[in-house]
Peer 1: 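My questions will all concern the structure given below.
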Amino acid sequence: MPSPRSRIVMTAPRVRFAPSPTGYLHVGGARTALFNWLYARATGGTFVLRIEDTDKERSTPAHTQVILDGLSWLGVGWDEGPFFQGAYAERHHADAERLLAAGRAYKDYLTASELDIERAKAKALGAPFRFERARHELPAAEQARRKTAGMPYAIRFAMPDAEIAWDDAVHGHISWQGRDLDDFIILRSDGSAIYNMAVVSDDIAMAITHVIRGDDHISNTPKQIALYRALGHEPPVFAHVPMILGTDGKKLSKRHGATAVGDYRDMGILPAAMRNFLALLGWSPGGNDEILPESDLIARFTLEHIQKKAAVFDAAKLEWMNGQYLSMLPVLELLAPVRRQLDLLHVQTERDLAPLIDAVKTRSRTVTHLAEQIAVRLDASRIVRDDKGSQFAAKLGDRFAANLRLVHQALSVCDASEWNAALLEAALKRLAESTGVKLGDVMQPIRVALTGGTVSEPVPELLAVVGREESLARIGRAGG
RNA sequence: GGCGCUAUCGUCUAGGGGCCCAGGACACAGCCCUCUCAAGGCUGGAACACGGGUUCGAAUCCCGUUAGCGCUACCA
């Protein structure tokens with residue numbers, strides 16, 4: 001009977017996220033990473049990051065960096081790694097050789113081009129090609145000839161003709177027949193390992209206990225389980241998470257617009273909102289709650305509540321959720337993202353951004369939109385009289401400028417110490433009352449003068465945020 | 001073609017035999033609040049793919065059909 005302590009050590013899960021560095025972090029990958037991370041956090045486990053960089057063509061350090069940056073931004077930190085699959089070529093090779101030595105795999109001297117010919121032949125007959133040892137393996141004499149000639153060979157796994165089944169943590173029982181799988185190659189003739197071999201070798205070496213990955217890997221799973229067993233290891237728990245689709249129900253791709261987490265960062269999505277949204281895409285806490293802080297996400301996350309069905313990525317809901325976070329997050333946490341967006345807009349300022357953020361955040365769904373509004377408040381040259389603004393001014397006719405002159409007169413009396421929302425509101429209401437002008441016809445022209453549009457925070461707050469001198473100047477110009 | 005996976009409002013989902021002539025959220029429409037727009041509140045339309053079973057009773061269990069998707073590489 002193990003002690004409670006050693007039991008914890010024995011059972012603490014080790015999970016991994018294993019992206020290939022393709023140059024960007026896809027939202028589907030990001031969500032897979034998030035699920036792994038949530039599971040590790042929920043169970044006290046370890047989250048390992050492994051970069052599958054064996055595709056030399058596409059893999060560069062820059063591509064890897066994009067993935068690392070994306071995960072860091074999302075707030076999905078790894079406990080171990082990043083490890084690079086390319087560094088383990090020797091072990092992959094050795095594991096394949098072990099299988100060969102144990103009789104669980106065999107040498108295949110057929111060349112790639114000969115294989116292509118076989119495939120073409122099958123195609124001509126309208127039959128699907130499958131490598132079958134009995135049919136395609138070279139005669140012993142020919143094998144011997146090629147061996148003595150020093151010709152290269154690939155190593156094929158001898159797939160057992162037996163049932164291979166597992167209890168998937170999200171799908172339940174899944175079963176395959178070995179005879180439906182062919183003797184796939186595990187080691188290329190150049191000595192490098194094929195994906196399934198490399199993954200199993202790495203997952204064993206890294207003591208991965210739970211493989212949480214996209215369900216496009218379901219059909220790789222029986223092959224990998226066969227490899228685990230042949231290598232003398234118990235397979236890990238598998239949890240296959242559904243895909244993320246575009247609005248047309250097709251696999252999410254560049255056609256659908258933004259698909260990389262970096263794109264969402266640039267669009268002004270907050271990491272907390274992205275995390276929350278992604279977590280709810282294909283997983284549910286089981287209740288009616290939608291806005292879940294990180295601690296709740298972790299506390300409530302279970303593999304069993306992962307959806308089996310693919311989910312459509314709904315950007316509108318993401319933006320709504322981002323707006324929720326914008327409204328509820330303390331200004332302090334918004335400072336850095338807002339500053340980044342202001343930089344992108346080339347807005348420089350020494351001013352304390354907190355009051356500005358407070359003024360506009362409930363009307364913003366993205367940090368980008370929020371920063372644009374701040375820019376207008378800080379810099380009069382950013383004012384653009386939009387359609388609604390023009391229409392309003394036209395509708396009011398002469399009274400537009402006239403009302404602004406009245407306002408200018410009335411507010412000039414307020415000195416800097418009185419320039420706050422409460423006092424300004426009182427002054428404007430007094431003005432409306434004494435002149436008989438409708439309150440809206442006092443307020444709205446100010447809004448247009450200060451922002452160019454008809455939408456903003458309440459006018460007194462707007463005046464306070466823009467400041468006395470600048471407000472009066474804008475009102476003077478628009479009323480002039 | 002073969003094998004596998006999947007199937008609740010337009011979308012994300014709750015549901016794991018009676019609490020469901022199906023609940024929440026986004027989106028949409030209307031109303032309230034109101035100097036505008038948001039936010040917030042209220043209201044409305046909107047779904048168990050189809051066909052068979054099992055059962056006193058099925059969105060829930062079983063079988064089939066259909067549809068979608070994945071894999072079927074000396075790619076990952």
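Just so it is clear: chains get the letters A, B, ... in the order the sequence lines come, proteins before strands, and each one is counted from 1.
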Peer 1: Under 4.0 Å, counting only non-hydrogen atoms across every strand here, what does Pro222(A) touch: a base, just sugar-phosphate, or nothing?
Peer 2: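 The answer is nothing, as Pro222(A) stays clear of every strand by at least 4.0 Å.
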Peer 1: Using a 4.0 Å heavy-atom cut-off across all strands, classify Gly282(A) as base, sugar-phosphate, or nothing.
Peer 2: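 Sugar-phosphate, backbone atoms only, no base.
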Peer 1: Examine rC71(B): is either OP1 or OP2 under 4.0 Å from a nitrogen or oxygen in the side chain of His217(A)? Give yes or no.
Peer 2: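 No, because none of the side-chain N or O atoms of His217(A) sits under 4.0 Å from OP1 or OP2 of rC71(B).
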Peer 1: Do Arg133(A) and Asp183(A) meet the salt-bridge criterion of a basic N to acidic O distance under 4.0 Å?
Peer 2: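 Answer for the salt bridge query: no.
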Peer 1: Under 3.5 Å, is there an N or O donor on one side and an acceptor on the other linking the side chain of Arg447(A) and the base of rC35(B)?
Peer 2: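 It does, because a donor-acceptor pair links the side chain of Arg447(A) to the base of rC35(B) below 3.5 Å.
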Peer 1: Heavy atoms under 4.0 Å, any strand shown: does Lys250(A) hit a base, just sugar-phosphate, or nothing?
Peer 2: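 Counting heavy atoms under 4.0 Å across all strands, the contact made by Lys250(A) is with sugar-phosphate only.
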Peer 1: If you look at every strand shown and take non-hydrogen atoms under 4.0 Å, does Leu110(A) touch a base, only sugar-phosphate, or nothing?
Peer 2: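 Touches a base.
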Peer 1: Enumerate the protein-to-nucleotides 27-31 of chain B contacts in which both atoms are nitrogen or oxygen and the separation is below 3.5 Å.
Peer 2:
from, atom 1, to, atom 2, distance (Å)
rA27(B), OP1, Arg365(A), NH1, 2.9
rA27(B), OP1, Arg365(A), NH2, 2.7

Peer 1: Report yes if a donor N or O on one partner sits less than 3.5 Å from an acceptor N or O on the other, where the partners are the side chain of Ser456(A) and the base of rC37(B); otherwise report no.
Peer 2: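 By the distance-only test, no, there is no pair.
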Peer 1: Where the side chain of Asn322(A) meets the backbone of Gly268(A), is there a donor-acceptor pair that is under 3.5 Å apart?
Peer 2: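 Flag set: sc Asn322(A) to bb Gly268(A) pair under 3.5 Å.
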Peer 1: Which part of the nucleic acid, if any, lies within reach of Ala311(A) when heavy atoms closer than 4.0 Å are counted: base, sugar-phosphate only, or nothing?
Peer 2: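 Sugar-phosphate, no base atom in range.
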Peer 1: Using the P atoms only, state how far rC48(B) lies from rA22(B), rounded to an integer number of Å.
Peer 2: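 Looking at atom P only, rA22(B) and rC48(B) are 10 Å apart.
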Peer 1: Find the distance Asp215(A):CG to rG4(B):P and express it as a whole number of Å.
Peer 2: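 My rounded result for the distance is 16 Å.
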Peer 1: Under a plain distance cut-off of 3.5 Å, with no hydrogens placed, do Asp202(A) and His92(A) share a side-chain donor-acceptor pair?
Peer 2: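 Distance-only check passes for His92(A) and Asp202(A).
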Peer 1: Grab the CG-P distance between Asp108(A) and rC74(B) for me, whole Å please.
Peer 2: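 Nearest whole value for this atom pair: 9 Å.
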Peer 1: Check every strand shown and say whether Val312(A) touches a base, only sugar-phosphate, or nothing at a heavy-atom separation below 4.0 Å.
Peer 2: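 Since only primed, P, OP1 and OP2 atoms lie under 4.0 Å of Val312(A), the category is sugar-phosphate.
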Peer 1: Donor-acceptor pair, distance only, cut-off 3.5 Å: does the side chain of Gln143(A) make one with the backbone of Leu138(A)?
Peer 2: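 Indeed, once roles are kept as given, a pair shorter than 3.5 Å links the two residues.
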Peer 1: Let me spell it out: for each of Ser364(A) and Thr247(A), pick the nucleotide of RNA chain B with the closest heavy atom. Which residue's pick is nearer the 5' end?
Peer 2: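 Looking at the nearest nucleotide for each, Thr247(A) comes out on the 5' side.
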Peer 1: Give the nucleotide from the list rG70(B), rU8(B), rC74(B) with an atom nearest to the side chain of Lys309(A).
Peer 2: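 Nearest listed nucleotide: rU8(B).
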Peer 1: In the strands shown, is rC69(B) matched to any nucleotide by a Watson-Crick or G-U wobble pair with both distances under 3.5 Å, and which?
Peer 2: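 Because both required distances fall under 3.5 Å, rC69(B) counts as paired with rG4(B).
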Peer 1: Please tell me which of the listed nucleotides, rA38(B), rA76(B), rG70(B), lies nearest to the side chain of Trp176(A)?
Peer 2: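 Per side-chain heavy atoms of Trp176(A), the pick is rG70(B).
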Peer 1: Do you know which of Ile212(A), Asp216(A), Asp168(A) makes side-chain contact (heavy atoms from CB on, under 4.5 Å) with His240(A)?
Peer 2: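 Exactly one option meets the side-chain contact (heavy atoms from CB on, under 4.5 Å) with His240(A), and it is Asp168(A).
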Peer 1: Looking at Ser219(A), I'd like to know whether one of its side-chain N or O atoms comes within less than 4.0 Å of OP1 or OP2 on rG4(B).
Peer 2: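 No, because none of the side-chain N or O atoms of Ser219(A) sits under 4.0 Å from OP1 or OP2 of rG4(B).
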Peer 1: Tell me which of His173(A) and His305(A) sits closer to the 5' end of RNA chain B, going by the nucleotide each one is nearest to.
Peer 2: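 That would be His173(A).
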Peer 1: So what does Gln177(A) hit on the nucleic acid, given a heavy-atom distance under 4.0 Å: a base, only sugar-phosphate, or nothing?
Peer 2: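 The residue Gln177(A) makes no contact with any strand.
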Peer 1: Using the P atom as the reference point in each nucleotide, state the distance between rA49(B) and rU8(B) in Å, no decimals.
Peer 2: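 Roughly 6 Å separates the two P atoms.
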Peer 1: Without decimals, in angstroms, what is the distance between Asp182(A) CG and rC3(B) C1'?
Peer 2: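 Taking atom C1' of rC3(B) as the reference, CG of Asp182(A) is at 12 Å.
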Peer 1: Checking all strands, does Leu281(A) fall into the base, sugar-phosphate, or nothing category for heavy-atom contacts under 4.0 angstrom?
Peer 2: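 Answer is sugar-phosphate: Leu281(A) comes under 4.0 Å of backbone atoms only.
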Peer 1: What is the separation between atom CG on Asp180(A) and atom P on rG1(B), rounded to the nearest whole Å?
Peer 2: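 Value for this atom pair: 16 Å.
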Peer 1: With rounding to the closest Å, how many angstrom separate the C1' atoms on rA27(B) and rA47(B)?
Peer 2: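 Pairwise C1' distance, rA27(B) against rA47(B), rounds to 15 Å.
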Peer 1: Ignoring the backbone of Ala154(A), work out which of rC35(B), rC74(B), rC5(B) is nearest its side chain.
Peer 2: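 Output: rC74(B).
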Peer 1: Kindly determine whether Asp182(A) and Arg156(A) satisfy salt bridge (charged side-chain N to carboxylate O under 4.0 Å, His left out), including the steps that lead there.
Peer 2: CA-CA 9 Å; Asp182(A) 62 0; Arg156(A) 279 188 190 272; 5.4 Å; no
Peer 1: Measure from the side-chain heavy atoms of Gln444(A) and tell me the nearest of rC74(B), rG4(B), rU36(B).
Peer 2: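 The answer is rU36(B).
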Peer 1: Rounded to the Å, how far apart are Asp161(A) CG and rC3(B) P?
Peer 2: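 Nearest whole value for this atom pair: 15 Å.
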Peer 1: Looking for any heavy atom pair under 4.0 Å, which part of the strands does Glu461(A) touch: base, sugar-phosphate only, or nothing?
Peer 2: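 Glu461(A): no heavy atom of the nucleic acid under 4.0 Å.
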Peer 1: Describe the nucleic acid contact of Pro458(A) in one word from base, sugar-phosphate, nothing, applying a heavy-atom distance below 4.0 Å.
Peer 2: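 The answer is base, as Pro458(A) lies within the cut-off (heavy atoms under 4.0 Å) of a base atom.
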Peer 1: When you compare rC19(B) with rU60(B), how far apart are their P atoms, in angstrom units rounded to a whole number?
Peer 2: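 Those two atoms are separated by 13 Å.
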Peer 1: Mark yes or no: Lys223(A) above the aromatic ring of Phe157(A), with NZ or CZ under 6.0 Å from the six-membered ring centre and no more than 45 degrees from the axis.
Peer 2: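 Judged by the rule, Lys223(A) and Phe157(A) form no cation-pi pair.
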Peer 1: Using the C1' atom as the point on both nucleotides, what is the distance between rG45(B) and rG4(B), in whole Å?
Peer 2: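 After rounding to an integer number of Å, I get 39 Å for this pair.
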Peer 1: Could you please name the option among rC35(B), rG4(B), rA39(B) that lies closest to any side-chain atom of Gln324(A)?
Peer 2: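 Closest nucleotide to the Gln324(A) side chain: rA39(B).
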Peer 1: Rounded to the nearest Å, what distance is computed from the NZ atom of residue Lys308(A) to the C1' atom of nucleotide rC48(B)?
Peer 2: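 Atom-to-atom, Lys308(A) to rC48(B), this comes out as 16 Å.
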Peer 1: Calculate the interatomic distance between Arg130(A) atom CZ and rA73(B) atom P; express it in whole Å.
Peer 2: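 That distance rounds to 10 Å.
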Peer 1: Measuring centre to centre across the rings, with the benzene-like ring taken for any Trp, is Phe313(A) within less than 6.0 Å of Phe277(A)?
Peer 2: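 Distance test on ring centres: under 6.0 Å, yes.
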Peer 1: Atom CG of Asn220(A) and atom P of rG70(B): how far apart are they, to the nearest Å?
Peer 2: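 Rounded to the whole Å, the gap is 14 Å.
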Peer 1: Is Leu99(A) close to Leu227(A) at the side-chain level, that is, under 4.5 Å between some pair of heavy atoms?
Peer 2: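 Yes; the side chains approach each other to less than 4.5 Å.
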Peer 1: So if I take every side-chain heavy atom of Tyr195(A) and compare against rG24(B), rC5(B), rA76(B), which nucleotide ends up nearest?
Peer 2: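 The listed nucleotide nearest to Tyr195(A)'s side chain is rA76(B).
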Peer 1: Provide the Watson-Crick or G-U wobble partner of rC31(B), both distances under 3.5 Å; none if there is no partner.
Peer 2: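 rG41(B) - that is the nucleotide pairing with rC31(B), both distances being under 3.5 Å.
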Peer 1: Under 4.0 Å, heavy atoms only, any strand: does Ser175(A) hit a base, just the sugar-phosphate, or nothing?
Peer 2: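 Counting heavy atoms under 4.0 Å across all strands, the contact made by Ser175(A) is with sugar-phosphate only.
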Peer 1: Specify the closest pair of heavy atoms between Ala273(A) and Leu318(A), including all atoms of both residues, with the distance to one decimal.
Peer 2: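 Closest pair (atom of Ala273(A), atom of Leu318(A), distance): O-CD2, 4.3 Å.
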Peer 1: Any side-chain to backbone donor/acceptor pair from Asn36(A) onto Phe17(A)? Under 3.5 Å, distance only.
Peer 2: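 Not at all, since once roles are kept as given, no pair shorter than 3.5 Å links the two residues.
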Peer 1: Please work out if Glu290(A) contacts a base, only the sugar-phosphate, or nothing of the nucleic acid, heavy-atom cut-off 4.0 Å.
Peer 2: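 Here Glu290(A) touches the bases of the nucleic acid.
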Peer 1: With P as the reference atom in both, quote the distance from rA25(B) to rC62(B) in angstrom, rounded to an integer.
Peer 2: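 The same atom, P, in both gives a distance of 32 Å.
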Peer 1: A side-chain contact here means heavy atoms from C-beta on lying under 4.5 Å apart; do Leu49(A) and Pro19(A) qualify?
Peer 2: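 Contact flag for Leu49(A)/Pro19(A) side chains = yes.
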Peer 1: So that I can tick it off, tell me whether Lys429(A) and Glu433(A) are bridged by a salt bridge, with the cut-off set at under 4.0 angstrom between side-chain N and carboxylate O.
Peer 2: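 No, no charged N to carboxylate O under 4.0 Å.
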Peer 1: What's the gap between rC61(B) and rG44(B) when it is taken at their C1' atoms, as a whole Å value?
Peer 2: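 Their C1' atoms lie roughly 36 Å apart.
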Peer 1: Give me the residues of residues 115-123 of chain A where at least one heavy atom lies under 4.0 Å from an atom of RNA chain B, by number, or none.
Peer 2: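 Leu115(A), Arg119(A) - these, ordered by number, are the residues of the stretch whose heavy atoms sit under 4.0 Å from the strand.
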Peer 1: Answer yes or no: is there a side-chain heavy-atom contact under 4.5 Å between Arg213(A) and Thr221(A)?
Peer 2: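 With C-beta onward as the side chain, the pair touches.
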Peer 1: Taking the same atom, P, in rC33(B) and in rC28(B), what whole-Å distance lies between them?
Peer 2: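 So the two P atoms sit 22 Å from each other.
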